[in-house]
Number of protein chains: 2
Amino acid sequence: MKLEKGATAKVILDAAEALTQTRGFNGFSYADISEAVGLTKASLHYHFRTKAELGRQLIVRYSDTFEVALAEIGVRAPDAPERLERYVSLYTGVIAGERLCLCGMLAAEVTTLPPAMGDEIRRFFDLNEAWLTNVLEQGREAGSLRYEGSALGAARLLLGTLEGAMLVARSYGDPGRFEESAHQLLAQFTKA
Amino acid sequence: MKLEKGATAKVILDAAEALTQTRGFNGFSYADISEAVGLTKASLHYHFRTKAELGRQLIVRYSDTFEVALAEIGVRAPDAPERLERYVSLYTGVIAGERLCLCGMLAAEVTTLPPAMGDEIRRFFDLNEAWLTNVLEQGREAGSLRYEGSALGAARLLLGTLEGAMLVARSYGDPGRFEESAHQLLAQFTKA
DNA sequence: GTCTATAACGAGATAGAC
DNA sequence: GTCTATCTCGTTATAGAC
């Protein structure tokens with residue numbers, strides 16, 4: 001049961017998403033969104049009663065979009081190595097915009113966020129881990145990927161590395177650092 | 001030229017450090033420190049005129065302490081693999097306290113922080129990278145470590161992975177996730 | 001050094017007109 | 001749906017007594 005999102009709600013979410021990914025959820029206010037979209041603070045409250053609710057919907061939309069992108073990769077990329085390559089490129093796009101992964105950013109602030117947001121953050125990570133685990137298992141069976149230990153463990157290593165590499169790279173304003181680390185790790189999985 | 005730090009200043013820094021590592025720099029106020037240390041907000045301003053200055057000194061002290069710990073590892077641990085193991089254990093202690101690395105947390109908020117804090121955050125990362133690069137070079141020369149590419153690249157991969165693994169692990173309240181990822185990566189460097 | 005008191009501002013949120 | 005106006009509270013920071 002999904003409510004229809006008005007065009008205005010979408011514009012507000014876009015602005016809030018950009019602000020969250022660059023400044024953090026505690027680093028912006030309704031006044032900042034107001035300035036970005038050209039509506040008064042009061043009008044924003046009509047669309048999102050509370051900031052907590054806005055935050056929760058932010059993550060839900062982000063996860064949904066990500067899920068679609070992952071399915072798309074499954075369709076377009078034939079083998080596991082290329083799927084991983086394209087997975088990394090999803091994050092390359094994020095860091096190129098001087099943003100962090102929405103949920104990576106929120107994970108840093110999680111102790112100060114409403115519990116409902118924490119639940120959605122973990123759902124996002126779960127989604128990523130499940131997809132990666134699946135790809136890693138396929139790759140190992142097909143002989144195109146090599147790694148020690150469980151596929152789940154490797155998936156978590158991959159996800160953690162991408163989140164952390166973005167975090168550090170952005171503090172230098174240098175997306176190249178992210179790509180270097182990401183590909184060095186990927187190389188570990190694909191080398192003969 | 002180093003100013004002597006009074007005992008009260010140290011207590012304040014301890015409280016502020018804990019708050020920053022758990023809630024983020026934008027996630028606490030002088031009122032929170034006040035409650036933790038039993039001084040009024042006004043008294044805190046006597047020791048640290050502004051929150052920006054408190055934040056800067058927080059990072060400087062953290063880096064200094066870390067530098068001492070790294071030197072200690074150099075003295076106690078004979079070979080590169082054991083030095084890496086002990087390096088990881090520094091972070092294990094952090095995540096065990098349900099905290100993040102101070103500079104990992106601050107890196108997420110960097111766009112909202114005073115520029116002086118951003119400079120100190122990068123100095124911390126530089127310090128880590130330089131130490132790791134050195135250990136990785138030693139290990140490769142001694143034949144106790146194996147990795148592709150430059151030692152600096154491997155150092156950055158290691159640092160990024162640790163920061164990210166902490167970030168994700170803490171959002172599940174599960175330090176075990178951090179240790180799994182850290183050791184899986186270390187294993188890549190030490191395996192025959 | 002620590003306190004009380006307060007200034008000056010920004011935050012999230014609501015009431016009610018249009 | 002969007003606005004103006006306002007409320008209440010929390011924030012950083014300062015003045016001045018003790």
Side-chain angles (χ1 to χ4, degrees), chain A residues 3-59 105-106 108-118 120, chain B residues 3-20 22-59 105-106 108-118:
Chain A
L3 267 60
E4 286 301 321
K5 285 277 167 47
T8 304
K10 183 188 176 311
V11 169
I12 293 168
L13 284 171
D14 289 343
E17 183 178 273
L19 285 163
T20 304
Q21 288 183 269
T22 51
R23 304 176 55 86
F25 195 71
N26 294 329
F28 75 93
S29 71
Y30 268 44
D32 296 307
I33 305 175
S34 172
E35 189 176 11
V37 305
L39 289 177
T40 62
K41 291 190 291 169
S43 297
L44 302 180
H45 279 284
Y46 169 82
H47 294 278
F48 301 95
R49 210 146 287 174
T50 66
K51 198 186 176 192
E53 181 54 22
L54 168 64
R56 203 188 58 80
Q57 290 197 38
L58 217 46
I59 312 174
M105 176 66 90
L106 295 175
E109 307 177 280
V110 72
T111 63
T112 70
L113 301 177
M117 286 182 71
E120 293 298 336
Chain B
L3 268 61
E4 285 301 321
K5 283 278 167 51
T8 304
K10 184 191 176 308
V11 170
I12 293 168
L13 284 171
D14 289 343
E17 183 177 276
L19 285 163
T20 304
T22 52
R23 304 176 54 87
F25 195 72
N26 293 331
F28 75 92
S29 70
Y30 268 43
D32 296 306
I33 305 176
S34 173
E35 188 176 10
V37 306
L39 289 177
T40 61
K41 291 186 288 169
S43 299
L44 302 180
H45 279 284
Y46 170 82
H47 294 279
F48 300 94
R49 208 147 291 179
T50 66
K51 198 187 177 192
E53 181 54 23
L54 169 63
R56 202 188 57 81
Q57 290 196 38
L58 215 48
I59 312 174
M105 177 66 89
L106 294 175
E109 306 178 281
V110 72
T111 63
T112 70
L113 301 176
M117 288 183 70

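Throughout, protein chains are lettered first and strands after them, A, B, ... in sequence-line order, and every chain is numbered starting at 1.
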Value rounded to 0.5 Å, distance of [atom1] in [X] from [atom2] in [Y]:
X	Y	atom1	atom2	value
A:Leu13	A:Gln57	CG	CD	6.5 Å
A:Lys10	A:Ile12	NZ	CD1	11.5 Å
A:Ser43	A:Ile33	OG	CD1	12.5 Å

[N] [atom2] sits how many Å from [X] [atom1], rounded?
X	N	atom1	atom2	answer
B:Arg49	D:dA15	CZ	P	11 Å
A:Leu44	D:dT4	CG	C1'	15 Å
B:Lys51	D:dT14	NZ	C1'	18 Å
B:Phe48	D:dT14	CZ	P	15 Å
A:Ile33	C:dG10	CD1	C1'	15 Å

Discussion item. Quick one: does any side-chain atom of B:Tyr30 pair with a main-chain N or O of B:Thr40 as donor and acceptor, under 3.5 Å?
Written reply: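 Here the side-chain-to-backbone pair does not exist.
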
Worksheet item: With no hydrogens and no angle check, is any side-chain donor or acceptor of A:Glu109 less than 3.5 Å from a backbone partner on A:Phe25?
Response: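 Checked: pair present.
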
Item to complete: Using the test ring pair (Phe, Tyr, Trp, His ring centres under 6.0 Å), find all partners of A:Phe48 that sit at least two apart in sequence or belong to another chain.
Response: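 Ring pair (Phe, Tyr, Trp, His ring centres under 6.0 Å) check on A:Phe48 returns nothing, list empty.
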
Worksheet entry | Heavy-atom neighbours of B:Glu35 CD exceed 12 at 6.0 Å |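 Open: at most 12 neighbouring heavy atoms sit under 6.0 Å from CD of B:Glu35.
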
I'd like a table of atom pairs between the protein and nucleotides 2-6 of chain C - only N or O on both sides, under 3.5 Å - with the distance next to each one.
| residue | atom | partner | partner atom | Å |
| --- | --- | --- | --- | --- |
| C:dT2 | OP2 | B:His47 | NE2 | 2.7 |
| C:dC3 | OP2 | B:Thr40 | N | 2.8 |
| C:dC3 | OP2 | B:Thr40 | OG1 | 3.1 |
| C:dC3 | OP2 | B:Ser43 | OG | 2.8 |

Discussion item. Let's see if you get this right: which residues in residues 18-30 of chain A place a heavy atom under 4.0 Å from DNA chain C?
Written reply: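 Within this stretch, A:Phe28, A:Ser29, A:Tyr30 sit under 4.0 Å of the strand.
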
Fill in: For A:Ala15 against A:Val37, the heavy-atom pair lying closest together
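Closest approach of A:Ala15 to A:Val37: CB-CG1, 3.6 Å.
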
